Protein chains: 2
Amino acid sequence: MATIIDVAKLAGVSTATVSRVVNNTGKVRSATRKRVMNAIKELNFSPNVSAQTLQSKQSKTIGMVFPDASSLYFSEIIRGICNYVNQFGFQIMIGSAHDEEEELKTAVRFLNGHTVGGLVIMAPSSKNEELFALPINHSTPVVFISVPPVKAGTTSIVLDNFKMSIEMTKHLIKLGHRDIAFINGSPHNYDSKRRYAGYLKALQENGIEVNSDFTVDGNFTEDSGYRTCLKLCELTSRPTAIFAANDAMAIGAIEAVKDSGLRVPEDIAIVGFDDISTSQYITPALTTVRVPLFNLGQVVGKTLLQKIDTNYEKNIAVAERIVIPLKIIIRESCGSQLKR
Amino acid sequence: MATIIDVAKLAGVSTATVSRVVNNTGKVRSATRKRVMNAIKELNFSPNVSAQTLQSKQSKTIGMVFPDASSLYFSEIIRGICNYVNQFGFQIMIGSAHDEEEELKTAVRFLNGHTVGGLVIMAPSSKNEELFALPINHSTPVVFISVPPVKAGTTSIVLDNFKMSIEMTKHLIKLGHRDIAFINGSPHNYDSKRRYAGYLKALQENGIEVNSDFTVDGNFTEDSGYRTCLKLCELTSRPTAIFAANDAMAIGAIEAVKDSGLRVPEDIAIVGFDDISTSQYITPALTTVRVPLFNLGQVVGKTLLQKIDTNYEKNIAVAERIVIPLKIIIRESCGSQLKR
DNA sequence: TATATTCATGTAAGCGTTTACATTATTTAA
DNA sequence: TTAAATAATGTAAACGCTTACATGAATATA
């Protein structure tokens, strides 16, 4: 492979000049620029990224660590990040982590090797202080996805779960429901918690007392939605509506209701959260909240690049929190279209 | 951040010795090793990856390029690759590509920057000669996923689509079906083609004439499965069974049959391919072929690392092809459980 | 025309490692 | 004991690039 020296020789200039034309920095006479360009083309030269990183002390790769549990959402988010950062010549390095401990380890690995110029951490279930201290301890720009509001120096991007959950619950209430159950996702998951909080808030605002039988715990899988919903259906006084913390569970719940010999939405209305692609095809089509994952990824990319770009020292102390707006998608499973 | 020089100074040795203990190469007296280890710990030293890569000319990161269209399968495969290669200190860099052209560009970008020691390319729909020539032109180990058998020097890992498709079709035939339709995936997709080929083969082997009305073209989405199946249902002499090239389309097809006022599997049996998580919860539960994506990823990782490790020059000329075995999962949608 | 100013290019050090080779310390053999 | 063999460590060049600084060329100013 050709190096910058080969190019310099062929073009009859110094490596400094070649570097200047490659990076478009400093002044170069247009005639020499042309000579250099030709040499580059002829030798099919492209700069060695390791050498650049080593010398400039600025890495153009960003690390992304994501837990296995989030793999459903992963590829869309990654696509969004890629889409944004590639424009600026940044690459993405990923590390999957089985649990919290591994998550921290993966992040530290990225940081220690000086391989990354910034980090994206998706850790919706983590309460690991060390993880959140990473940006300060390593003075590296980090963007967190779906984490609770935390200390200074932490930039996080979250979904507008609370607000939309309130709206969705109100929608159900407006439809006449007062016995509304909620299927939680994984116990420590931040998104799930906020969605539940919104549900409670809406009940409270409407003077509906919380029935503890109506809160059940799933783990975001279709299967858990199925199983918990089955129990709900067996209750002597069963709910007339069910709000699942994500679509996968909502879909499982729909199956459970059907298998209990009941109808959705006539006997039990069901709504979800995420708007995964299946939701529009299932019968009845699922009423849910659309989460724009690709867009989320783009915002994450943009935010991180900003952090990397601006004089980081200045920025390090301000906690920043960006909330991604969401949208309710009304379909059939909530029963709005039912004539009564 | 501490460098190897700082460590050397603190331990009172040369950088060479530090390097030797870090990499476990060459002989070091155990007393000095201990001194060096302590210094490393005290300074929290870890080697700069860029410097290592630059000097050793061996990158411990592998690139993975995948098309947007494959994003459904992406995260599981990546998890598998990660799981394997992390053990050996390798990192994964990913690039998503919108189309074929971009796919090639992304791959070349990885190669040019000398950032990667090997490449995984998922290009089930590509017929781009340049893409397949990459490993030779850049003399870099490349593993392709789901591509047709191609020239020398190409290592590819594919699913046992053809065989399983034959088996699945035979299963349907054994159940008494002779009017079996097939819903294709995207037109140029290799997996889809092989699955279709297996279907045709099974028909032929059983002396069943191919009815051209019974081959329809979808694009792997639930929606396309729904739409194409609707047409199938409207046929004056409609099929009694439908084989969809993937589960998403099969699920769409199930909805379409229901919406046509028909029953699955009584009126029309439906089978798919992939065994995505939804398949077991849909009603009726989908009979399909399980594709072990995580495992596929592991095999990909292992194969690539082998290629990187062995003296690559020797290996470059041999085309290698690994076939991942699959397994049929019989559930309800094919009607096996029906009493007749 | 002489001088100051600006522009274009070159020189060379340094980024943090690894490793071939040289040197010194230690052990073994005679 | 001493020479030979081996083990442990050090020296310094190289990997491919960027950039501060030095230098030389071209242009503007007086």
Side-chain angles (χ1 to χ4, degrees), chain A residues 1-40 43-61 89 91 110-117 138, chain B residues 1-40 43-61 89 91 110-117 138:
Chain A
M1 251 312 52
T3 76
I4 201 173
I5 301 183
D6 303 323
V7 175
K9 271 186 196 147
L10 182 60
V13 297
S14 71
T15 62
T17 299
V18 177
S19 176
R20 281 189 273 257
V21 352
V22 169
N23 301 296
N24 232 310
T25 115
K27 320 216 160 193
V28 179
R29 193 167 311 186
S30 80
T32 27
R33 158 165 288 118
K34 205 163 287 173
R35 281 213 318 283
V36 172
M37 302 275 247
N38 286 338
I40 288 176
L43 296 174
N44 191 228
F45 165 79
S46 58
N48 180 308
V49 173
S50 298
Q52 285 182 315
T53 306
L54 176 59
Q55 146 67 35
S56 69
K57 287 167 165 279
Q58 291 200 254
S59 170
K60 282 217 158 195
T61 104
Q91 304 288 353
F110 279 145
L111 263 10
N112 275 345
H114 312 92
T115 14
V116 302
H138 291 255
Chain B
M1 249 316 46
T3 75
I4 202 174
I5 300 183
D6 303 324
V7 175
K9 272 186 197 149
L10 183 59
V13 299
S14 72
T15 62
T17 299
V18 177
S19 176
R20 282 189 273 258
V21 353
V22 169
N23 301 296
N24 233 308
T25 115
K27 322 215 157 192
V28 179
R29 193 167 311 192
S30 81
T32 29
R33 158 165 288 119
K34 204 163 287 172
R35 281 214 318 283
V36 171
M37 302 273 248
N38 286 338
I40 288 176
L43 296 174
N44 190 228
F45 164 80
S46 58
N48 180 308
V49 174
S50 298
Q52 286 181 314
T53 306
L54 177 59
Q55 147 65 36
S56 69
K57 285 166 167 282
Q58 293 199 254
S59 170
K60 282 218 158 194
T61 105
Q91 303 290 352
F110 279 145
L111 262 10
N112 274 345
H114 312 91
T115 13
V116 302
H138 291 255

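Given the structure is predicted, the values throughout are model-derived calculations rather than measurements. Naming: A, B, ... by sequence-line order, numbering from 1 per chain.
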Worksheet item: Which residues satisfy the side-chain contact (heavy atoms from CB on, under 4.5 Å) test with B/Leu43, sequence neighbours excluded?
Response: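 Here the qualifying residues are B/Ala2, B/Asp6, B/Val7, B/Leu10.
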Discussion item. Going by the rule side-chain contact (heavy atoms from CB on, under 4.5 Å), which residues pair with A/His138 if we only count those two or more places apart in sequence or in a different chain?
Written reply: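 Checked A/His138 against side-chain contact (heavy atoms from CB on, under 4.5 Å); matches are A/Leu111, A/Asn112, A/Leu134, A/Thr140.
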Fill in: Whole-Å distance separating the CE atom of B/Met1 from the C1' atom of C/dG16
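Rounded to whole Å, this separation is 13 Å.
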Worksheet item: B/Asn48 CG to C/dG16 P: how many Å, rounded?
Response: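 These atoms are roughly 7 Å apart.
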Worksheet item: Base, sugar-phosphate, or nothing for B/Thr53, non-hydrogen atoms under 4.0 angstrom?
Response: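 Since no nucleic acid heavy atom lies under 4.0 Å of B/Thr53, the category is nothing.
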Discussion item. Under 4.0 Å, counting only non-hydrogen atoms across every strand here, what does A/Gly12 touch: a base, just sugar-phosphate, or nothing?
Written reply: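 Here A/Gly12 touches the backbone only, sparing every base.
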Which pair of non-hydrogen atoms, one from [X] and one from [Y], has the smallest distance, and what is that distance?
X: B/Val36; Y: B/Ala11; answer: CA-CB, 3.9 Å
X: A/Ala8; Y: A/Ser14; answer: CB-C, 3.8 Å
X: A/Gly113; Y: B/Ser46; answer: N-OG, 4.4 Å

Worksheet entry | Spacing of B/Ile4 atom CD1 and B/Lys9 atom NZ [to the nearest 0.5 Å] |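 Answer for the CD1-NZ pair, B/Ile4 versus B/Lys9, is 13.0 Å.
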Discussion item. For the OG atom of A/Ser30 and the CE atom of A/Met37, what is their distance to the nearest 0.5 Å?
Written reply: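 Nearest 0.5 Å value for the OG-CE distance: 10.5 Å.
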Item to complete: Ignoring backbone atoms, test whether A/Lys27 places a side-chain nitrogen or oxygen under 4.0 Å from the OP1 or OP2 oxygen of C/dT6.
Response: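 So the side chain of A/Lys27 is outside the cut-off, no N or O lying under 4.0 Å from OP1 or OP2 of C/dT6.
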Worksheet item: Checking A/Thr115 side chain against A/Thr61 main chain: does a donor-acceptor pair fall under 3.5 Å?
Response: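 No: the side chain of A/Thr115 does not pair with the backbone of A/Thr61.
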Worksheet item: Counting distance only, does the side-chain N/O of A/Ser50 pair as donor-acceptor with the main-chain N or O of B/His114 below 3.5 Å?
Response: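 Answer holds: no.
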Worksheet, complete the sentence: Readout for nucleotides 18-25 of chain C: B = base within 4.0 Å of protein heavy atom, S = sugar-phosphate only, - = neither; 5' to 3' it is BB------
Using distance only, find each side-chain donor-acceptor pair of residues 22-29 of chain A under 3.5 Å and give its atom names and separation, not counting sequence neighbours.
residue	atom	partner	partner atom	Å
A/Asn23	ND2	A/Ser19	O	2.9
A/Asn23	ND2	A/Ser19	OG	3.3

Worksheet item: Quick one: on DNA chain D, does B/Val28 or A/Ala2 contact a more 5' nucleotide (nearest heavy atom)?
Response: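 Per heavy-atom nearest nucleotide, the more 5' residue is B/Val28.
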Worksheet item: Bend across the helix from C/dT1-D/dA30 to C/dA30-D/dT1, to 10°, with axes taken over 5 pairs at each end?
Response: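 Inter-axis angle at the termini of the helix from C/dT1-D/dA30 to C/dA30-D/dT1: 40°.
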Discussion item. Can you confirm whether A/Val18 sits close enough to A/Val13 that some side-chain heavy atom of one is under 4.5 Å from a side-chain heavy atom of the other?
Written reply: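 Contact flag for A/Val18/A/Val13 side chains = yes.
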Worksheet item: Can you pull the contact range of chain B along DNA chain D, 5' to 3', using atoms under 4.0 angstrom from its heavy atoms?
Response: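 Contacts span D/dA8 to D/dG16, reading 5' to 3'.
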